[in-house]
Structures are given as structure tokens and as C-alpha cells.
Amino acid sequence: MTTVVWFKRDLRTRDHAPLVAAAALGEPVIPLYVIEDDYWQLPDTSGRQWLFIRESLTDLDRQLRAAGSRLWVVRGSVLEAFKQLRESHGIRRVFCHEETGGQWTFERDKAVIRWCTENGVEFQEWRQFGVVRRLADRDLWDNAWTDLMRANTLAAPEKIPAAEGGPTMDWQLAPQMLGLADDCPDRQAGGSARGEKLLSSFLDRRCVGYQYNISSPNTAFRACSRLSPHIAYGTVSLREIYQQAKAAGQHRNTLPRKKKSLTSFRSRLHWHCHFIQKLEDEPELEFRAMHREMEALKNGPNNSERLQRWQDGQTGWPLVDASMRALNHTGWINFRMRAMLMAVASYQLWLHWRDPALHLARLFTDFEPGIHYSQTQMQSGLTGINALRIYNPVLQSQKLDPDGEFIRRWIPELAGVPREMIHTPRLMTPPQKARYGGNTYIAPVCDHEQAARVARKAVGEFRKRSVSRAETDRVLKRHGSRKGPVQKRPGVPSSPRKEDGQSDQLSLFD
């Protein structure tokens with residue numbers, strides 16, 4: 001009998017339970033990846049994501065060939081691929097990892113399971129992250145995560161019995177062949193080899209000072225692990241990352257500063273799965289607010305001009321624009337800047353969360369649906385269990401890029417503006433603009449301080465008028481953190497809080 005190992009967001013051979021189980025049977029194995037055209041028409045997909053996957057498939061094929069097998073890649077419907085393989089190779093088993101994706105992949109997976117049941121094909125799934133399917137009680141989640149992360153990792157199979165024949169298509173498809181138009185010159189490259197190299201350099205030296213350097217865009221590009229796209233597409237096992245980070249931190253020769261940095265890093269891996277679990281428990285979060293009553297806060301279409309200026313990095317707030325332009329060019333930006341981009345869109349620009357969330361999803365090479373949709377909602381004040389974070393773009397600029405280094409790198413219009421003027425170029429006099437430049441940089445879309453006050457008041461009044469305790473308690477019970485300080489129902493925001501306080505949640509984008 002032939003077994004199909006269906007690769008999705010798990011493009012590796014090490015610590016891959018479905019592949020190990022299939023190889024152990026001693027019967028032919030078909031390692032299969034399906035390029036699904038309908039998936040690539042979804043509004044949160046992009047060419048930069050496909051290019052990362054394409055490189056990862058090439059590396060996966062290299063790994064499989066070392067074990068006497070090769071990757072089978074077909075294009076079209078997964079169901080059609082399975083039907084054809086049943087006719088040509090008599091497949092009797094489909095092994096794969098569980099996937100917590102968007103509604104489209106959720107429905108696809110259910111259709112595959114139905115087909116397997118109806119056609120007598122054994123279907124088995126394995127957990128790849130600390131995400132628990134059909135979790136009965138959120139209080140049980142943390143122990144389940146710990147148990148999985150501490151379990152032994154699996155070596156790549158030394159020998160994988162090969163099936164005869166197979167497709168010969170060239171999967172090096174350009175984005176345009178999938179209907180994707182994208183240009184990301186400094187995108188991270190995919191593949192397990194690159195992911196493992198990143199992990200090694202991070203654990204060896206780059207991790208030192210991690211918790212202090214991840215917030216500033218000047219230091220984050222090096223200080224962050226940069227493993228996020230490799231985790232998102234499974235080119236490196238999250239469990240291996242966790243265990244190697246723990247081993248490095250606990251080594252007898254590890255200095256206290258490095259140990260503390262790696263402890264902070266491991267906590268982010270925990271929160272990674274915590275956020276994906278939210279979408280696993282409530283798939284509707286892709287389309288509506290976590291706190292269902294908060295979805296009615298904003299009605300009607302978004303202001304198209306404001307949305308476009310935000311997307312183009314033309315808001316007139318230097319750090320916001322520099323962050324958007326850097327993200328467009330590289331496919332990555334650190335969490336603090338991601339949070340600020342989303343918060344500014346939601347509060348100062350008063351945009352409904354969905355359009356900005358989709359735009360950011362397309363720009364992120366490391367797009368992970370479970371993290372993305374719950375995080376964008378959190379930054380938009382739609383969870384009902386988190387404090388509002390209304391970022392002041394000027395104060396953030398002064399704090400995180402005091403010399404304007406990041407701003408000048410990504411906004412050439414301001415390249416000659418001195419330190420004391422770089423954060424508020426709108427205040428420059430005509431003679432100053434003539435001397436230092438800045439004449440071509442756009443004026444702010446609005447007064448950000450006044451817009452923040454209006455937004456805070458609107459959210460506060462809406463909560464008083466339209467938010468029920470029952471719905472807030474439902475969200476807290478289903479999605480609230482069970483680790484660290486006890487989460488409580490937030491009061492109505494009546495006065496500004498510490499603008500970027502992170503007291504009740506951590507973030508997963510770094």
C-alpha cells in the first residue's frame with residue numbers, strides 16, 4: 001500500500017512525525033505538495049510568500065533525495081490530486097500535520113477528510129505546534145503546550161521508500177503565473193538550510209540583548225531571531241528551536257545576560273502558539289471582531305484616501321511611513337512597528353480593521369493567520385479584554401529612532417533633515433526646508449493627537465453603550481491568557497494610559 005505525506009506548512013524532513021511514521025511502514029511513500037491556485041487568489045496571499053515557499057520546496061526536495069525519495073509537486077485541487085493518485089498508485093493512507101489556517105484551508109481540510117472517509121483512505125494528522133484541536137478547556141492548554149515542546153524531536157528518516165513514477169512539472173513558477181504581482185527586493189529566502197543557519201547564528205551570538213533590542217527598528221533587524229517565516233512555513237521545527245534555545249541558555253558556560261535573553265525568546269515561542277490557538281478555537285476571527293459586539297464600532301466603507309496613504313507610506317508621520325516602506329521592501333518589520341502601523345490605521349485614521357489587516361498580511365513574508373488576525377484585532381481594540389494601545393507616532397519616533405537613522409534610510413525626502421527636526425518635519429519653516437530638504441515630504445493626514453482623543457472617546461462611549469459583560473466574559477474565558485498576571489475585564493478608557501504599555505499581553509511577530 002502507498003502512503004501520501006501531504007506537506008502544507010511543514011516544509012522539512014527533521015522532526016516531521018507524519019513523514020517518520022510513513023517511512024517506518026516500509027511501503028512506498030509519496031511526499032506531496034499541491035500548488036493550489038484558488039488559495040493564491042485569497043486576499044491575504046502574495047508573491048513574496050510564494051517565493052519563500054518555492055525556495056523551501058527546492059530545499060525540501062534536496063532533503064528527500066538524500067533519503068532516496070523526492071518531492072512530488074502538482075498544481076490544482078488537493079482533492080483532484082488525491083483522486084488521481086488513488087487511481088494511479090492505489091493510495092490507502094494520507095498522513096499530514098494539522099494546520100490552523102484561514103477559513104479556506106479549514107474547509108479544504110474538512111473536504112479532504114470527508115473524501116478519505118468515503119473512499120476508505122486512512123487519514124491521520126499530527127500536532128506540529130502547541131496548538132490543541134478541539135480544546136475542551138483553555139485552562140488545559142498550557143500543560144499540553146509544555147508536554148509537546150519537551151517531547152523528543154524526531155530525526156529525519158534515513159531511508160524513505162520511493163513510489164514509482166510521479167509528476168515532472170517544474171514548480172519554479174514566477175508569482176505572475178499564479179496571478180500574483182509582487183516586488184520585495186530584500187525578502188528573506190526560504191529553505192531549511194537557511195533557517196537552521198539563522199537559528200545557529202542567533203543562539204551563538206545575536207541573541208544577547210534580545211529583550212532590549214527588539215523594539216527599535218534600528219536594532220531589531222539583527223537582534224530578532226528572524227526565524228518567523230521559517231516557523232510560519234515549517235522549514236524548521238518550533239520544537240527544535242525551543243529545545244535548542246533552552247539547551248543554549250542552560251549550558252554551564254552561558255553567561256547570565258545571554259541566559260536571560262534566551263529565556264525571553266522562549267517565552268515568545270509560547271505566545272506564538274497561544275495566539276494561534278485563538279483562531280483554532282474560533283475560526284470566525286478571520287472575518288469578525290473577537291469581541292462580537294465591537295464589530296459594530298465602525299460602519300460603512302473605509303476612507304479610501306486615508307487607507308491608500310497609509311498603504312503607500314504617505315501619512316506624513318515619519319516613523320509610520322518609514323515602517324511601511326521598509327515592510328514593503330523587505331517583507332519584515334519588528335513587532336513594535338507592526339503594532340504601531342495597525343494601531344494608527346485603527347485609531348488616528350479610524351479605519352475598519354479588516355482592510356489594513358489584509359494589506360499587512362500580503363506584505364508579511366512570515367504571514368501566520370492565527371497570529372495575524374488576533375494580533376491585528378488586539379491592536380485595534382476589538383478583543384474586549386486588552387487595554388487600548390493608541391500609539392503616539394511622534395513619541396514613538398523620538399524614543400525608538402532618536403537620531404532619525406531608520407527614517408532617513410527609508411524616506412529619502414528627509415535624508416538631509418537634522419536630528420532635532422526629523423520627527424516633526426511639518427514644523428520646519430520654509431527657509432529650513434530650503435536648507436535641509438523636506439519640501440517633497442507630504443503633510444500629515446490629520447492632527448494625530450486630536451484624532452487619538454476623538455478615537456479614545458468614541459471607543460469609550462461605544463463600550464458604555466453597546467458592550468455587555470456577558471460577551472466580554474465569554475471572550476476572556478475562551479481566549480484570555482492563563483499564564484502570568486490574571487487578566488481582568490478592562491474598564492472604560494477615560495484617560496490616556498501609558499501609550500505603549502505591554503502589561504497584559506506579549507507579542508508574537510518578533
Side-chain angles (χ1 to χ4, degrees), residues 183 185-186 213-221 302-351 355-356 359-360 363 379 389-456 496 498-500:
D183 182 21
D186 287 339
N213 295 322
I214 59 176
S215 293
S216 170
N218 289 310
T219 55
F221 278 83
N302 277 326
N303 183 308
S304 59
E305 180 183 354
R306 288 190 168 195
L307 176 63
Q308 190 66 52
R309 286 184 59 172
W310 177 83
Q311 292 175 334
D312 293 342
Q314 295 284 353
T315 65
W317 301 313
L319 187 62
V320 174
D321 294 341
S323 297
M324 184 63 80
R325 297 184 195 187
L327 175 58
N328 185 63
H329 189 84
T330 67
W332 185 89
I333 196 76
N334 60 317
F335 166 73
R336 181 65 69 86
M337 298 302 95
R338 299 187 190 204
M340 181 188 67
L341 284 172
M342 193 67 202
V344 164
S346 298
Y347 297 118
Q348 280 91 343
L349 302 182
W350 202 244
L351 301 173
D355 285 337
H359 182 72
L360 291 176
L363 293 185
Q379 302 304 335
R389 294 188 178 92
I390 302 181
Y391 288 74
N392 182 319
V394 174
L395 293 182
Q396 288 291 304
S397 181
Q398 294 168 339
K399 177 181 179 181
L400 300 176
D401 188 28
D403 295 325
E405 176 185 347
F406 180 74
I407 291 172
R408 292 189 192 89
R409 184 185 311 152
W410 294 106
I411 306 181
E413 305 97 299
L414 301 177
V417 176
R419 181 182 191 275
E420 60 271 18
M421 302 176 188
I422 193 72
H423 308 291
T424 53
R426 64 183 177 84
L427 299 180
M428 294 172 63
T429 64
Q432 288 172 331
K433 289 183 178 180
R435 180 178 180 182
Y436 301 117
N439 291 313
T440 60
Y441 185 59
I442 198 167
V445 66
C446 65
D447 182 326
H448 69 85
E449 292 181 326
Q450 180 182 3
R453 288 192 293 270
V454 171
R456 188 179 296 278
K498 183 179 178 181
E499 64 145 359
D500 60 345

Next item on the list: Answer yes or no: is there a side-chain heavy-atom contact under 4.5 Å between Ile407 and Asp401?
Entry: yes
Note to self: Using 0.5 Å steps for rounding, measure from the CD1 atom of Ile442 to the CZ atom of Arg426.
What the structure shows: 14.5 Å
Next item on the list: Without swapping roles, check the side chain of His423 against the backbone of Pro393 for a donor-acceptor pair under 3.5 Å.
Entry: no
Notebook entry, point to check: What are the two closest non-hydrogen atoms of Ala452 and Ile390, and how far apart are they?
Noted result: CB-CG2, 3.6 Å
Note to self: Taking the side chain as everything from C-beta on, heavy atoms only, tell me whether Val394 gets closer than 4.5 Å to Gln398.
What the structure shows: yes
Item checked: Side chains of Met324 and His359 in contact at under 4.5 Å (non-hydrogen atoms) -> yes
Note to self: Distance check, rounded to the nearest 0.5 Å: Phe335 atom CZ versus Ile214 atom CD1?
What the structure shows: 9.5 Å
Notebook entry, point to check: Less than 4.5 Å apart, any side-chain heavy atom of Trp310 and any of Glu305?
Noted result: no
Check: Looking only at atom types and distance, does a side-chain atom of Gln450 sit under 3.5 Å from a main-chain N or O of Asp447, one as donor and one as acceptor?
Finding: no
Margin query: One thing to verify: whether Glu449 and Arg456 come together as a salt bridge, which I'm taking to mean a side-chain N less than 4.0 angstrom from a carboxylate O.
Written below: no
Checklist line | Residues in side-chain hydrogen bond (donor to acceptor under 3.5 Å, both in side chains) contact with Asp186, at least two apart in sequence or another chain | finding: His329
Next item on the list: Applying side-chain contact (heavy atoms from CB on, under 4.5 Å) between Met340 and each of Ser397, Ser323, Pro217, report the one that passes.
Entry: Ser323
Checklist line | Non-hydrogen side-chain atoms of Trp317 and Tyr391 separated by less than 4.5 Å | finding: no
Check: Got a donor-acceptor contact below 3.5 angstrom from the Asp321 side chain to the Thr315 backbone?
Finding: yes
Next item on the list: Decide yes or no for His448 and Val344: does some side-chain heavy atom of the first lie under 4.5 Å from some side-chain heavy atom of the second?
Entry: no
Next item on the list: To the nearest 0.5 Å, tell me how far Ser215 OG sits from Lys399 NZ.
Entry: 7.0 Å
Notebook entry, point to check: Is the shortest heavy-atom distance from the side chain of Ser346 to the side chain of Pro356 under 4.5 Å?
Noted result: no
Check: Is the shortest heavy-atom distance from the side chain of Met342 to the side chain of Leu360 under 4.5 Å?
Finding: yes
Item checked: Criterion side chain to side chain donor-acceptor pair (under 3.5 Å) on Gln308 and Asp312, from CA distance to verdict -> CA-CA 6 Å; Gln308 190 66 52; Asp312 293 342; 3.0 Å; yes
Notebook entry, point to check: With distance as the sole test, does Arg338 use its side chain to make a donor-acceptor pair with the main-chain N or O of Ile333 at under 3.5 Å?
Noted result: yes
